[in-house]
Amino acid sequence: MRHLMSPMDFTTDELDRLFDLAADIEKNPQVYAHKCDAKILATCFYEPSTRTRLSFESAMISLGGNVLGFSDANSSSAAKGESVSDTIRTVSCFADICAMRHPKEGAPMVAATHSGIPVINAGDGGHQHPTQTLTDLLTIRSLKGRLNNFTIGLCGDLKFGRTVHSLIEALVRYDNVKFVFISPEELRVPDYITEMLTEKGIPYEEHISLEDTISTLDLLYMTRVQRERFFNEEDYIRLKDFYILDKKKMSLAKQDMLVLHPLPRVNEISVEVDEDPRAVYFKQVQYGKYVRMALILTLLELA
Ligand code: NCD
């Protein structure tokens, strides 16, 4: 039985197969409409979510399966003090596969070790968010036609943003990917990531200004300042509007630079950018559904 805890759990060949499957699902959804008949997905979300949970649920329903679960720790037995390992043992009796989001780093991993069904990490604290990374990679592959030979700027909260951490770990396996980290000093990418890049000899730069760097980028990955992971509100308020991508900054960017964002957006991308053809963050949401359909089929060995 296979779980998904980190994007590194799949080799790049396995990822290629997963993305090919997602691309086929996009083209021929009717072929997959009954692949999961009578299968059940449990979504165990101990932290708020719109896209990830609904995307998993929509994916399973589009495969012919059913869904159950909870979207708030307070409405589950966690509020009574039940452990994640007891909860997953219970959920294993009711479902065939589980997507779990948890504010504690490593909680889905603990669940996986006690589970009778495949567990998918749907985001654990500030650590990893592998299915967002699969979404990001499929978006890049589909719209740029490749997963190598580009410069990617990651901008915003690079300290607490789990989507950033997962995406960097996944992208280092592709050739000639250069990283430009753009963040305020307080929200720099963690040392374990820059140390990993140095060890692997992968080029990266760290900057504070988006204006000064945007013209060099093939991809710009914007992120929200992660309010819920701050220790005090004052720091959040000081940093939350540090970056606002607007038309003026977009005019400095390459004509084919793509703007991605895992969403939810707060203020970091002005709505005026939404109509720019380079803004692909809502397309990204659609790719997220296809890739989760492909993932469910793969982990249930129905592909
Ligand atoms: C991200 C998350 O939850 O980490 N959202 C998502 O799943 N698409 C990003 C965020 O919350 O900022």
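Whatever order the structure lists ligands and atoms in, that order sets their numbers, starting from 1. Throughout, residue positions are numbered sequentially from 1 according to the sequence presented.
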Answer yes or no: does an N/O atom from Glu228 fall short of 3.5 Å to an N/O atom of ligand 1?
-> no
Have a look at Thr43 and tell me which of Arg53, Arg101, Glu57 forms a side-chain hydrogen bond (donor to acceptor under 3.5 Å, both in side chains) with it.
-> Glu57
Please name the residue in the list Lys35, Arg292, Lys289 that meets the side-chain hydrogen bond (donor to acceptor under 3.5 Å, both in side chains) test with Ser62.
-> Lys289
Do Phe150 and Tyr174 have their ring centres less than 6.0 Å from each other?
-> no
Where is the tightest heavy-atom contact between Val119 and Met5, given as atom of each residue plus distance?
-> O-CE, 3.5 Å
Heavy-atom neighbours of Tyr192 OH exceed 12 at 6.0 Å = yes
Give a yes/no on ligand 1: does Glu47 have at least one heavy atom closer than 4.0 angstrom to it?
-> no
Against heavy atoms of Arg162, which atoms of ligand 1 measure under 4.0 Å?
-> 2 (C), 3 (O), 4 (O)
Here the atoms of ligand 1 under 4.0 Å from any heavy atom belonging to Arg224 are 10 (C), 11 (O), 12 (O)
Counting both backbone and side chain atoms, is some N or O of Arg101 under 3.5 Å from an N or O of ligand 1?
-> yes
Derivation and outcome, salt bridge (Lys or Arg N to Asp or Glu O under 4.0 Å), residues Arg146 and Asp175 | CA-CA 10 Å; Arg146 62 180 194 277; Asp175 289 337; over 6 Å; no
Can you tell me which residue and heavy atom of the protein come closest to atom 8 (N) of ligand 1, and the distance to 0.1 Å?
-> Pro262 O, 2.9 Å
Going by the 4.0 angstrom heavy-atom rule, the piece of Leu263 near ligand 1 is backbone
for atom 7 (O) of ligand 1, nearest protein heavy atom and its distance come out as His129 NE2, 2.7 Å
Test salt bridge (Lys or Arg N to Asp or Glu O under 4.0 Å) on Lys240 and Glu186 and set out the steps.
-> CA-CA 12 Å; Lys240 74 182 173 69; Glu186 295 91 330; over 6 Å; no
Mark the output for Gly123 as yes if a heavy-atom distance to ligand 1 is under 4.0 Å, and as no if none is.
-> no
